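Below is one structure; the comments refer to it alone.
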Protein chains: 2
Amino acid sequence: MIQTDLSQVNTQIPANWKKVNTMEKKETAKERILRVASELFYREGIRAVGIDRIIEESGVAKASFYRNFATKDDLIVAYLENKSRESLGRVDEAEQRYPDSPKMVLSTLLDNLIDRLNAPENRGCAFMNTVVEFPDANHPGHQTAVEHRHELWRRVEEIARRGGAQHPEELASQLRMLCSGAIMVSYTDKAAFHAEYLRNAIRLLIEKHAVR
Amino acid sequence: MIQTDLSQVNTQIPANWKKVNTMEKKETAKERILRVASELFYREGIRAVGIDRIIEESGVAKASFYRNFATKDDLIVAYLENKSRESLGRVDEAEQRYPDSPKMVLSTLLDNLIDRLNAPENRGCAFMNTVVEFPDANHPGHQTAVEHRHELWRRVEEIARRGGAQHPEELASQLRMLCSGAIMVSYTDKAAFHAEYLRNAIRLLIEKHAVR
DNA sequence: TTCGGAAGAGACAGATCTGTCTACCTCATT
DNA sequence: AATGAGGTAGACAGATCTGTCTCTTCCGAA
């Protein structure tokens with residue numbers, strides 16, 4: 001019997017497998033909810049996706065949802081914190097790869113961005129989108145999104161400073177406007193987005209500020 | 001009595017005053033609804049503002065609303081078409097003011113943009129915001145917004161071409177990314193927006209493309 | 001003065017949304 | 001074998017949202 005076989009297999013797994021083996025750990029309800037919600041929120045918008053939809057698509061009971069997330073707002077914040085970790089993780093990675101060349105770090109981050117903008121699932125920036133969907137500055141999602149963007153561009157400014165930019169604050173601000181706009185254009189009108197034009201403009205700015 | 005005085009004044013207005021005197025024409029219910037809805041939609045977001053709220057704040061009956069706008073989507077489209085007229089009107093105006101200097105036209109439009117971004121009521125771009133709020137490309141609001149942006153930047157490209165830009169398509173695309181991003185940054189994090197940095201970046205691009 | 005169209009007031013329907021609550025089940029650990 | 005944490009199933013409440021419908025009132029034009 002399949003049932004019997006499975007239980008035999010299970011008994012062979014050490015009692016502390018949860019800590020030992022993280023790869024084959026079964027996805028918890030919380031993880032599943034967050035994964036499904038992330039995809040729906042990003043693809044269709046946060047306001048457009050109701051709790052019931054998330055519950056149904058993640059195959060979870062309503063009580064399970066509310067045991068893991070007190071309110072929808074809590075889920076929204078978890079979604080954004082997750083995205084933020086991913087985003088800042090990419091910066092970490094690029095800095096570790098080129099610890100001695102801020103210019104290469106910026107170049108890597110740009111390549112990275114362009115790849116994501118050209119991907120078919122691109123729906124723009126989760127953080128800008130959230131601020132637009134929740135213009136109230138007191139909304140926890142709004143705040144989380146603003147904080148992330150602040151931190152991200154603070155780090156880019158730091159990289160520009162290490163790269164010897166003459167006016168790192170100005171350069172970071174200009175890169176921020178250009179990249180934010182590129183994200184919006186690639187989302188709102190994919191046909192109007194040309195990665196080469198973005199690359200040229202960024203190169204022009206970086207040369208102007210003499211980053212090495 | 002005030003009432004009597006008013007009616008006497010009224011009788012002195014010609015029968016066809018509606019067509020003759022457009023200045024003192026009393027605002028119709030439709031106009032009032034659109035004005036109130038525009039402000040609310042722009043300030044608080046379209047999805048966040050319900051029909052009931054618009055009806056209440058414009059002091060109109062529900063039946064009056066639905067006599068003038070078949071659905072909320074119709075109102076959304078009217079709101080965007082209004083904004084689009086304003087936006088393209090600013091382009092017309094700048095072109096009429098400097099018919100022989102595309103460079104001055106672009107400069108005027110930039111000044112104009114910066115003024116709006118620094119205004120306290122700035123809530124970003126109504127069209128980008130609408131696309132974010134309605135990611136479904138079939139939504140009439142989404143479509144209207146995308147069409148406006150297409151037309152606006154087609155016209156900027158045309159101005160760049162008249163100005164002798166070496167690569168007008170590239171310049172327009174770069175200006176579009178930069179300005180779109182400036183709008184988002186000035187909205188999502190007002191403190192991080194510096195008009196001078198935007199100006200410098202735009203000057204750099206315009207010089208690079210040798211617009212005259 | 002009468003008439004018709006536009007507007008006001010508001011009840012109502014039906015859908016949907018967030019969040020609560022009860023009752024039962026599964027399973028790893030003790 | 002018992003237990004407790006976490007999971008399933010689903011009814012329910014209360015708010016809100018879009019849109020319909022009826023009845024009354026106002027006002028300008030003929």
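Every chain is numbered from 1, with letters handed out A, B, ... down the list of sequences. The model shown is predicted, which means the values in this text are computed figures rather than measured ones.
Between B:Ser58 and A:Asp52, the residue anchored closer to the 5' end of DNA chain C is B:Ser58, taking for each the nucleotide with the nearest heavy atom.
Regarding B:Ile46, its CD1 atom lies at a distance of 15 Å from the P atom of D:dC17, rounded to whole Å. Separating the CZ atom of A:Phe69 from the P atom of D:dG6 is a distance of 14 Å, rounded to the nearest angstrom. Separating the CZ atom of A:Phe65 from the P atom of D:dG10 is a distance of 19 Å, rounded to the nearest angstrom. Rounding to whole angstrom units, NZ of residue A:Lys72 and P of C:dT16 are separated by 15 Å. The nearest whole Å value for the distance from the CD1 atom in A:Ile54 to the P atom in C:dT18 is 8 Å. Residue A:Arg53 contributes atom CZ, which lies 10 Å from atom P of C:dC17 at whole-angstrom precision. Whole-Å rounding puts the A:Ile51 CD1 to D:dG14 C1' distance at 16 Å. If you measure from atom CD1 of B:Ile55 to atom P of C:dA11, you get 14 Å, rounded to the nearest angstrom.
Between the side chain of A:Ser84 and the backbone N or O of A:Leu80, no donor-acceptor pair lies under 3.5 Å. Here the side chain of B:Gln143 pairs a donor or acceptor atom with the backbone of B:Ala137 at under 3.5 angstrom.
Between B:Phe127 and B:His148, the ring planes lie parallel to each other; the angle is under 30°, not in the 30° to 60° tilted range. Aromatic ring orientation, B:Phe41 versus B:Tyr79: perpendicular (interplanar angle above 60°, classes split at 30° and 60°).
Distances from the side chain of B:Asn68 to the nucleotides D:dG19, C:dA9, C:dA7 place C:dA7 closest. Of the candidate nucleotides D:dG7, D:dT18, C:dT18, D:dG7 has the atom lying nearest to any side-chain atom of A:Ser64. Here the nucleotide nearest the side chain of B:Ala63, chosen from C:dT22, C:dA9, D:dT18, is C:dA9. Closest to the A:Lys62 side chain, of the nucleotides C:dA7, D:dG7, C:dG19, is C:dG19.
Geometric assessment of A:Lys83 against the ring of A:Tyr42 yields a positive cation-pi assignment under the 6.0 Å and 45° thresholds.
Taking 3.5 Å as the limit, the base of C:dA7 and the side chain of B:Arg67 contain a donor-acceptor pair of atoms between them.
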